[in-house]
2 protein chains.
Amino acid sequence: MRVVIFQQRRGGVIIMSESHARQGPETRIRILDAAEKLFMEHGFDGTSMRMITSSAKVNLAAVNYHFGSKDALIQEVFRRRLSAMNKERLAALDALTEAAGGEPLKPSRIVEAFFGTSLEMAADTEHGGYTFMRLLGRTYTEPNSFVRQFLAEEYSECVERFLAELYRSLPGVPREEILWRFHFMMGATSYAIAGTDALQLFAGQFDDRDPARLMPRLMSFLLGGLRAALPDFSEQALEHRNAA
Amino acid sequence: MRVVIFQQRRGGVIIMSESHARQGPETRIRILDAAEKLFMEHGFDGTSMRMITSSAKVNLAAVNYHFGSKDALIQEVFRRRLSAMNKERLAALDALTEAAGGEPLKPSRIVEAFFGTSLEMAADTEHGGYTFMRLLGRTYTEPNSFVRQFLAEEYSECVERFLAELYRSLPGVPREEILWRFHFMMGATSYAIAGTDALQLFAGQFDDRDPARLMPRLMSFLLGGLRAALPDFSEQALEHRNAA
DNA sequence: GTATGATTCAAACGAACGTTTGAACGATAT
DNA sequence: ATATCGTTCAAACGTTCGTTTGAATCATAC
């Protein structure tokens, strides 16, 4: 009767390094990489254990041995990337606030620190960053997935700090509007990363997908939206809608 | 040996009206409504035939009898809504161009005609419009789904016409930039509709979800992004990224 | 009333699913 | 050499999947 403690994951790094790879790279990593790619392409339910293990060239039982279950594997796929990404974001924000010396930051700097990190990660096609960012984009829109709860916890601290800086940076703008616009910015960024196919389909002559140009393109759009004139909630808007 | 021709769907309306509803509303409609809701909540793969038929209170075999297969059901879920929505969009655009009498339209009008239609449909919680728009939002981000091909075909004509009007409306802006910004606008709108949970999670104090206010909110953001200053592709941008 | 043809129904089909099992393996420690 | 322990392996577990089947059920046409 073998008992495996899955909470060993963190300390397990030490064990792993002493251990021996029977067939090439570490099995855990191979599984995570394969799962990440397949989850991005086919979703969680559309990806079977057999697809993952055969793609990673490991035995079918390896996932349950190393991670415990399919759900636990999903969580680990997100954990290993999200934590680092949000740490990078917070570090960029810390650098900005320190350089500003107590003064409110420029909105453009805040937006660049947050969404620029997304784009940089998405530009990394060599180490799976691109794959992961597309997976992240499609996971946002899955309402009932248990991953949602996980994402919220992982994001909350980071988003709270960036929102606080945005509030300071735009003192004349109601916080509710900033919150909404932050939401819109996330949507635009998510599509910029994940939805290239969608754009390509109804626009055949579409060539310039140079990731180096995506950054200034997206930033122009985001900042234009963030600094746009405030919405008009008067009855004029209602008349306007009825007329249309 | 019973033979069922599934291509009867269109002419089938006549047959259906002569027919008799053995148990309340038409079985087809009940299935489509239940499937739409379940697909939105759990995705295509996460929704089983048994979930659909038990939710619609019909026999398990009813889906295969009326639609032929699960995939065909998925297509029909989209077809019955998408066609009407894009027709409405094109009608709105026709009304605008006619009123303008050959002159280029104002960008704000074009954006309102396209994305306003999305919001209006999403505001309809009584007839399933809201459910469908959320389903649509999550389907955009599923790369390998066969529905993607279907969506592209259904959208292409409509998007082409709106893009053409945007080009005419913004003669000084490179078409590639307009295309990208249209893409960004689709992302922001999709999140505005589908991603309310995401926003709520990391912003607990979030109250104002009044759909009547969403329209001017989103329009301000979209137009601000569309009319933003053009991106700077000079080497300055690269230096800037290295500095950050 | 009887034949017709569309629809519903309970039951079953083979295939694929996530997971478990116990033996085999291989490097390290004694 | 032998015992130990983490890992891999082939095989099987019970469950659920989408789909099919053939009989039962209904309103209509004759």
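Throughout, protein chains are lettered first and strands after them, A, B, ... in sequence-line order, and every chain is numbered starting at 1. Everything numeric here is computed off the predicted structure, so don't read it as measured data.
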Length of the line joining [X]:[atom1] and [N]:[atom2], which is rounded to integer Å:
X: Asn64(B); N: dT19(D); atom1: CG; atom2: P; answer: 5 Å
X: Ile31(A); N: dC9(D); atom1: CD1; atom2: P; answer: 11 Å
X: Met49(A); N: dT20(C); atom1: CE; atom2: C1'; answer: 12 Å
X: Lys70(A); N: dA16(C); atom1: NZ; atom2: P; answer: 15 Å
X: Ile52(A); N: dC17(C); atom1: CD1; atom2: P; answer: 11 Å
X: Asp71(A); N: dC17(C); atom1: CG; atom2: P; answer: 16 Å
X: Glu26(A); N: dT8(D); atom1: CD; atom2: P; answer: 9 Å
X: Met51(A); N: dT19(C); atom1: CE; atom2: C1'; answer: 18 Å

**Request:** From the options dA10(D), dT19(C), dT21(D), select the nucleotide whose nearest atom is closest to the side chain of Ala61(A).
**Result:**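 Closest nucleotide to the Ala61(A) side chain: dA10(D).
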**Item:** Minimum-distance nucleotide to Tyr65(B) side chain [options: dA6(C), dT19(C), dC9(C)]
**Value:**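 Side chain of Tyr65(B) sits closest to dA6(C).
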side-chain N/O [X] vs [N] OP1/OP2, d < 4.0 Å:
X: Asn59(A); N: dA10(D); answer: yes
X: His66(A); N: dT8(D); answer: yes
X: Thr27(A); N: dT8(D); answer: yes
X: Ser48(A); N: dA16(C); answer: no

**Message:** Base, sugar-phosphate or nothing for Ala62(A)? Non-hydrogen atoms, less than 4.0 Å.
**Reply:**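 The residue Ala62(A) makes no contact with any strand.
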**Prompt:** Using a heavy-atom distance cut-off of less than 4.0 Å, which residues of residues 34-47 of chain A contact DNA chain C?
**Reply:**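 Hits under 4.0 Å, by residue number: Thr47(A).
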Would you please name every residue forming a side-chain contact (heavy atoms from CB on, under 4.5 Å) with [X], sequence neighbours left out?
X: Ser54(A); value: none
X: Thr139(A); value: Phe44(A), Phe78(A), Leu135(A), Val147(A), Leu151(A)
X: Glu88(B); value: Thr117(B), Glu120(B)

**Asked** How many angstroms lie between atom CG of Leu32(A) and atom CZ of Arg81(A), to the nearest 0.5 angstrom?
**Response** 9.0 Å
**Request:** Go through the structure and list residues passing salt bridge (charged side-chain N to carboxylate O under 4.0 Å, His left out) with Glu154(A), not counting sequence neighbours.
**Result:**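 Salt bridge (charged side-chain N to carboxylate O under 4.0 Å, His left out) check on Glu154(A) returns nothing, list empty.
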**Message:** Taking salt bridge (charged side-chain N to carboxylate O under 4.0 Å, His left out) as the definition, give me every residue that meets it alongside Arg50(B), ordered by chain and number, with sequence neighbours left out.
**Reply:** none
**Asked** Do the rings of Phe162(A) and Phe114(A) sit parallel, tilted or perpendicular, given the 30° and 60° boundaries?
**Response**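 Aromatic pair Phe162(A)/Phe114(A) classed perpendicular.
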